[in-house]
2 protein chains.
Amino acid sequence: MTETPGFRPLYQQVRDMFVRRIADRSWPPGEALPSEQALAAELGVSQGTVRKALDSLATENLVERRQGKGTFITEVTPARSLFKFFRIARPGGERLTPTSEEAATKRRRATRPERKALKLAGNEYVVEITRVRHVDGAPAIRETIAVPAKRFAGLDKRPIPNTIYALYQSDYGINVLSANEELRAVAAGPDDAKALGVAARTPLLEITRTAFDIDGRPIEWRRSRCDTRNLVYAVTLR
Amino acid sequence: MTETPGFRPLYQQVRDMFVRRIADRSWPPGEALPSEQALAAELGVSQGTVRKALDSLATENLVERRQGKGTFITEVTPARSLFKFFRIARPGGERLTPTSEEAATKRRRATRPERKALKLAGNEYVVEITRVRHVDGAPAIRETIAVPAKRFAGLDKRPIPNTIYALYQSDYGINVLSANEELRAVAAGPDDAKALGVAARTPLLEITRTAFDIDGRPIEWRRSRCDTRNLVYAVTLR
DNA sequence: AAGTGGTCTAGACCACCGA
DNA sequence: CGGTGGTCTAGACCACTTT
């Protein structure tokens, strides 16, 4: 076997196998994995190879390692899911906890940008969630969320919690792992002005997000408009 | 020796030593490091320990590893320094290469936000660079850059290239490794409107950046205002 | 004390690069 | 071909957690 083309390191093959088990929930969130030794024995590789695979999963936040205890499938707790993707902060960097109120849900056909972002066919349905989020008791963010109706059956007839990604995981078995956001400055329209309590034409920060699951499939499209007179969107570049 | 308090893994001590050598330029940018075997022999540790240290430097982009060739101190090339921190893109994600024109430099006392961000005393000087950056031939970004004058002697009497971080490295020995950015939406003032060719009060995306060197010291404060009618600021969240 | 992940070592072999 | 980093193994010991 001198063939080089299809070469793939052992630890990556092991890694792929673990990802599959997590994705199909044979290892459900919060569960402790077998020990490295046990996994190594099961797969017939060395402990070091299992470790390399688990380390790479840990850097992606798919698992958590706790010395002396074991390795655990990452669970989406409300606090974590909030801070992982919520980039709004006070100028200077202080973290914020928004509240969510007035959420309204609806089932309707996808719009064009939603079809494109969510890779939906022409006449498919989405569940739309609209809400205003408050910071320090004042309205600050107005957002519209759209998810494919076929993967979120009944979501339109259910109360919406503040941290919606925990709901995706607990009730629909969907893990939001990554997201792309595009930011631009726009002028507040009449509806924005009323919802956020600002003058019409006030500059707002518009954030358009597409969120992806463990398999890289688009799960959610979201557009938020933020009053950034007292808030900022904070980014760390490395 | 049952003491646990001052425990620090060997590979991290090795890593720290390498960082020091890079920071004080005993290993200048672009240079190939000794091989892992040679470093291991020099330090009296195993090759695996050296490897772990180098791997961690590689994930921070302090060094680059090239299989079959060696490990090299990362050099700030114009293209790289541009794309590492330049987050403006076309809607949909396509990368952009801006040009920079009309750069003007000035030496003056630091303003209050600059003193705070750059940790300067009350009456210290900065070099200010103002310029308008173009995309597709049209003005798109107006920015003001301030750096501590004492670390950038003569910068105010020198032409400013498009990719300024390559200049920081080559002429001042300063590596910009990370940066914080805060974004908000603002209304274009008269100067913005004129420089960018937009109507007054047009919503602009304002980006305030503080950049840091290898030792975590603030190196640069920068404020950019972008016309986002045809552009976006793109972020990937993991 | 027992079990987990974390560190460290030593050595073998593989893939990649350039002469 | 020789030298580099990349992978894989096997085993020892350390630090952390729970029993």
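Throughout, a chain's letter reflects where its sequence line sits, starting with A, and its residues are numbered from 1.
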By side-chain hydrogen bond (donor to acceptor under 3.5 Å, both in side chains), Asn230(B) pairs with (sequence neighbours left out) none

Across all chains, not counting sequence neighbours, the side-chain hydrogen bond (donor to acceptor under 3.5 Å, both in side chains) partners of Thr228(A) are none

Within residues 33-45 of chain B, the residues having a heavy atom closer than 4.0 Å to DNA chain C are Val45(B)

Only residue of Glu75(A), Arg25(A), Gln169(A) satisfying side-chain hydrogen bond (donor to acceptor under 3.5 Å, both in side chains) with Asn175(A) is Gln169(A)

Sugar-phosphate, base or nothing in reach of Arg66(B), heavy atoms under 4.0 Å | sugar-phosphate

Short side-chain N/O contact from Thr49(A) to OP1 or OP2 of dC8(D), under 4.0 Å | no

Below 4.0 Å: OP1/OP2 of dC8(D) and any side-chain N or O of Ser46(A) | no

Ignoring the backbone of [X], work out which of [options] is nearest its side chain.
{"X": "Tyr11(B)", "options": "dC8(C), dT9(D), dG6(D)", "answer": "dC8(C)"}
{"X": "Asp55(B)", "options": "dC8(D), dG6(D), dG5(D)", "answer": "dG6(D)"}
{"X": "Lys52(A)", "options": "dC8(D), dT7(D), dT9(C)", "answer": "dT7(D)"}

Interface polar pairs with nucleotides 17-19 of chain C, N/O, under 3.5 angstrom:
from: dG18(C); atom 1: OP1; to: Lys69(B); atom 2: NZ; distance (Å): 3.3

All salt bridge (charged side-chain N to carboxylate O under 4.0 Å, His left out) counterparts of Arg87(B), not counting sequence neighbours = none

Measure the acute angle between the ring planes of Tyr172(A) and Phe152(A), then classify it against the limits of 30° and 60° as parallel, tilted or perpendicular.
-> tilted

How are the rings of Trp27(B) and Phe18(B) set to each other: parallel, tilted or perpendicular (split at 30° and 60°)?
-> tilted

Answer with yes or no whether the side chains of Thr208(A) and Arg223(A) bring together a donor and an acceptor at under 3.5 Å.
-> yes

Using atom [atom1] of [X] as one end and atom [atom2] of [N] as the other, report the distance to the nearest whole Å.
{"X": "Arg15(B)", "N": "dT7(C)", "atom1": "CZ", "atom2": "P", "value": "13 Å"}
{"X": "Arg8(B)", "N": "dT7(C)", "atom1": "CZ", "atom2": "P", "value": "11 Å"}
{"X": "Glu64(A)", "N": "dT4(C)", "atom1": "CD", "atom2": "C1'", "value": "16 Å"}
{"X": "Arg51(B)", "N": "dT9(D)", "atom1": "CZ", "atom2": "C1'", "value": "14 Å"}
{"X": "Gln47(B)", "N": "dC8(C)", "atom1": "CD", "atom2": "C1'", "value": "13 Å"}

On a plain distance test, is the side chain of Arg65(A) in donor-acceptor contact with the base of dG6(C) below 3.5 Å?
-> no

Could you walk me through whether Glu181(B) and Tyr233(B) pass the side-chain hydrogen bond (donor to acceptor under 3.5 Å, both in side chains) check?
-> CA-CA 11 Å; Glu181(B) 296 197 325; Tyr233(B) 182 98; 2.3 Å; yes

Which residues pass the ring-ring contact (aromatic ring centres under 6.0 Å, His included) test with Phe83(A), sequence neighbours left out?
-> none

